[in-house]
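Down below is the structure, laid out as structure tokens.
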Amino acid sequence: MKIIWAVSSCVSAVHAAGVGTCCTRLHSELGANVSFLGEPAYNATENSYWSLQEAGLKPGCIVRPLASQDVSRAVSIIAATAGCNFAIKGQGHAPAAGFANIQGGVTIDMTGLNKTVLSSDRTVVSVGAGASWLQVYLYLDPFNVSVAGGRNGLVGVGGNLSVTSLVNDISQRGQVFQAVTDIVSSANFDIYTSLVVGFVYNSSSKAWIISNSAVYTRPVLDPPVFAELAAVPSISNSSRITSLAALANEAATPPLNWHFATATFKPSTQFMLEIFDILNNTLYSFNPSGGVVWDVAFEPFPSVMLSHAAKTGGNVLGVQPEDGNGYSMYRCIITTGLC
Ligand SMILES: Cc1cc2nc3c(=O)[nH]c(=O)nc-3n(C[C@H](O)[C@H](O)[C@H](O)COP(=O)(O)OP(=O)(O)OC[C@H]3O[C@@H](n4cnc5c(N)ncnc54)[C@H](O)[C@@H]3O)c2cc1C
Ligand SMILES: *[C@@H]1O[C@H](CO)[C@@H](O)[C@H](O)[C@H]1NC(C)=O
Ligand SMILES: *[C@@H]1O[C@H](CO)[C@@H](O)[C@H](O)[C@H]1NC(C)=O
Ligand SMILES: *[C@@H]1O[C@H](CO)[C@@H](O)[C@H](O)[C@H]1NC(C)=O
Ligand SMILES: *[C@@H]1O[C@H](CO)[C@@H](O)[C@H](O)[C@H]1NC(C)=O
Ligand SMILES: *[C@@H]1O[C@H](CO)[C@@H](O)[C@H](O)[C@H]1NC(C)=O
Ligand SMILES: *[C@@H]1O[C@H](CO)[C@@H](O)[C@H](O)[C@H]1NC(C)=O
Ligand SMILES: *[C@@H]1O[C@H](CO)[C@@H](O)[C@H](O)[C@H]1NC(C)=O
Ligand SMILES: *[C@@H]1O[C@H](CO)[C@@H](O)[C@H](O)[C@H]1NC(C)=O
């Protein structure tokens with residue numbers, strides 16, 4: 001017992017010394033591309049995390065490489081220094097604390113490596129390790145090509161697409177869920193469909209709404225695939241033809257605490273209604289100061305999507321086209337205070 005204790009104390013001592021030594025070496029090698037607590041560059045990285053819980057970690061120093069050689073020099077120093085732990089940050093969107101930041105280690109912020117280059121035959125795009133999807137979309141738009149990147153995972157969109165945002169009263173949930181179920185279960189799923197249907201509860205307004213993002217990855221207004229959804233009376237709706245870059249260019253959310261969970265289910269209106277009832281019977285007693293928002297969203301996961309996976313190596317969850325149509329559900333809890 002004593003020995004274990006001695007070893008772990010020793011490890012912490014080396015760890016603490018390692019970070020200081022490591023940051024000093026990094027600074028002498030990479031100059032102002034290494035920043036420390038209290039400096040504007042350090043703050044700029046800390047303030048660029050999407051979630052509050054990630055931004056709350058304080059690394060001993062932050063390295064911001066501007067060339068790939070800087071990365072290899074930084075990694076060589078880190079690897080040669082005992083007890084120097086590090087984290088890598090891209091756009092900082094992964095919500096959990098410690099995914100892309102580190103308490104008392106070295107954070108390498110890759111966002112300075114953002115160069116994007118399209119091959120002359122327009123079939124391959126090389127993207128810097130720290131670029132955002134928006135930068136990639138903006139770069140590619142004038143070439144009328146695109147890639148399946150973040151936010152909706154739109155496949156093969158060059159040029160324009162159709163976007164409809166609909167808000168329904170929660171009392172319309174039966175009709176909305178039925179429309180989603182019918183879209184996901186269709187024997188001829190329209191592959192240009194991208195749909196997110198969610199119900200949202202905000203403890204400040206104490207109100208539920210249903211919000212739908214119905215995107216069609218061709219420039220067609222009111223595509224037939226969304227007809228059943230569009231027929232449900234709505235509180236607001238907007239339809240427009242726009243580009244992928246404009247769609248993905250969402251306003252940044254303020255730093256908040258986010259907790260995500262996800263699961264995949266067979267299409268079922270009844271089950272969606274039961275999920276709502278369970279929430280409606282359980283969530284009001286969770287009332288942290290600063291308020292809480294619950295967001296439960298459904299996205300079609302049709303088997304036709306899986307049928308394309310085999311030729312690109314299968315999918316990581318091992319789901320097969322024979323498993324049939326489904327939808328994935330994600331549940332997100334958002335708070336401003338710690339909970
Ligand atoms: C609001 C929101 C919407 C989203 N929508 C979509 C979507 O539509 N489609 C989709 O696919 N995903 C979506 N995501 C998930 C998102 O794509 C992932 O969280 C992604 O990992 C974020 O990348 P990042 O560079 O911003 O995050 P970071 O937090 O910077 O990085 C994510 C992880 O990758 C590691 N990493 C980053 N860069 C490197 C590198 N160069 N070398 C080695 N490791 C590295 C980090 O250490 C970290 O563990 C969404 C997330 C949010 C919060
Ligand atoms: C930061 O890195 C760049 C690219 O390697 C280098 O040109 C520049 O001199 C570095 N800045 C300082 C202050 O060392
Ligand atoms: C860094 O951010 C902190 C808190 O957000 C602020 O108090 C401080 O003045 C900032 N420092 C610099 C150098 O920007
Ligand atoms: C790309 O990185 C460079 C170097 O840090 C920076 O000046 C530029 O603003 C970045 N581009 C974008 C679109 O963020
Ligand atoms: C992209 O599409 C537009 C509209 O169809 C066309 O005018 C333009 O020439 C195309 N650009 C390229 C690089 O193909
Ligand atoms: C996309 O739509 C805009 C107008 O809404 C138009 O100016 C542009 O040419 C369109 N681009 C393509 C590639 O069709
Ligand atoms: C919740 O509602 C309040 C009051 O209407 C609003 O200020 C806040 O932005 C909402 N929160 C979210 C995460 O939408
Ligand atoms: C949006 O509202 C208008 C008028 O209120 C209606 O004509 C149109 O069909 C609606 N579209 C959708 C997609 O709900
Ligand atoms: C939530 O549950 C309460 C209590 O059972 C019920 O009165 C209310 O109508 C439900 N809310 C909705 C939107 O159905």
Side-chain angles (χ1 to χ4, degrees), residues 151-155 163-202 207-217 222-235 237 258-286 292-310 314-334:
R151 182 55 73 191
N152 298 339
L154 302 171
V155 181
V163 178
T164 301
S165 304
L166 286 169
V167 177
N168 302 100
D169 190 87
I170 192 70
S171 64
Q172 304 292 346
R173 62 188 179 280
Q175 282 167 273
V176 172
F177 295 169
Q178 187 60 50
V180 177
T181 305
D182 290 343
I183 290 168
V184 188
S185 335
S186 164
N188 299 303
F189 182 84
D190 185 332
I191 57 165
Y192 300 117
T193 305
S194 167
L195 179 63
V196 183
V197 166
F199 43 101
V200 181
Y201 175 75
N202 185 329
W208 288 94
I209 54 152
I210 303 180
S211 98
N212 313 277
S213 169
V215 174
Y216 197 69
T217 60
D222 295 325
V225 63
F226 297 133
E228 187 180 346
L229 186 61
V232 183
S234 49
I235 297 169
N237 78 40
W258 300 80
H259 184 273
F260 286 95
T262 184
T264 303
F265 299 103
K266 299 278 182 197
S268 162
T269 305
Q270 188 55 37
F271 186 53
M272 292 167 104
L273 289 168
E274 282 168 21
I275 290 170
F276 174 79
D277 287 339
I278 291 168
L279 290 168
N280 187 38
N281 287 328
T282 52
L283 62 74
Y284 305 115
S285 57
F286 177 59
V292 58
V293 172
W294 288 76
D295 183 353
V296 179
F298 302 93
E299 302 185 24
F301 191 38
S303 68
V304 65
M305 222 160 91
L306 299 165
S307 71
H308 292 286
N315 71 76
V316 290
L317 298 176
V319 189
Q320 305 296 328
E322 307 80 79
D323 294 324
N325 298 316
Y327 60 76
S328 63
M329 178 181 91
Y330 78 76
R331 196 268 300 124
C332 167
I333 311 172
I334 310 158

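All values below come from the heavy atoms of this structure, side chains included, with hydrogens, waters and symmetry mates left out.
- Remark: S186 engages N188 in a side chain to side chain contact (heavy atoms under 4.5 Å, CB included) (not counting sequence neighbours).
- F301 has its side chain within reach of T264: a pair of non-hydrogen atoms, C-beta onward, lies under 4.5 Å apart.
- Atoms CD1 and CG, from I209 and N202 in turn, are 9.0 Å apart once rounded to the nearest 0.5 Å.
- Taking CZ from F298 and CG from L195, the interatomic distance works out to 11.5 Å, rounded to the nearest 0.5 Å.
- Not counting sequence neighbours, the partners of V292 by the side chain to side chain contact (heavy atoms under 4.5 Å, CB included) test are S203, F286, P288, W294, I333, T335.
- Checked against ring-ring contact (aromatic ring centres under 6.0 Å, His included), F276 has the following partners two or more places apart in sequence or in another chain: F199, W208.
- Residues meeting the side chain to side chain contact (heavy atoms under 4.5 Å, CB included) test with S303, sequence neighbours left out: N325.
- Between E299 and Y330 the shortest heavy-atom distance is OE2-CE2, 3.6 Å.
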**Request:** List the steps and the verdict of side-chain contact (heavy atoms from CB on, under 4.5 Å) for Y201 and L283.
**Result:** CA-CA 10 Å; Y201 175 75; L283 62 74; 3.5 Å; yes
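- Taking both residues in full, the closest heavy atoms of P267 and V184 are given as CG-CG1, 3.9 Å, listed atom of the first, atom of the second, then distance.
- In this structure, the side chain to side chain contact (heavy atoms under 4.5 Å, CB included) partners of V304, at least two apart in sequence or on a different chain, are F189, I191, P302, S307, H308.
- Scored by the side-chain hydrogen bond (donor to acceptor under 3.5 Å, both in side chains) test, Y216 finds D190 as partners (sequence neighbours excluded).
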With a 3.5 Å cut-off and sequence neighbours excluded, list the donor-acceptor pairs that the side chains of residues 168-178 form with protein atoms.
residue, atom, partner, partner atom, Å
N168, OD1, N212, ND2, 2.7
N168, ND2, P233, O, 3.0
D169, OD2, S171, N, 2.9
D169, OD2, S171, OG, 2.7
R173, NH1, I170, O, 3.1
Q178, OE1, T269, OG1, 3.0
Q178, NE2, D182, OD1, 3.0

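- Here the CG atom belonging to D277 is positioned 10.0 Å from the OG1 atom belonging to T282, to the nearest 0.5 angstrom.
- With sequence neighbours excluded, the residues satisfying ring-ring contact (aromatic ring centres under 6.0 Å, His included) with F271 are F265.
- For the pair L306 and Q320, the tightest heavy-atom approach, listed with the atom from each and the gap, is CD1-O, 3.6 Å.
- Between the CE atom of M329 and the CD1 atom of I275 there is a distance of 4.5 Å, given to the nearest 0.5 Å.
- Of all non-hydrogen atoms in W258 and C332, the two that sit nearest each other are CE3-SG, 3.4 Å.
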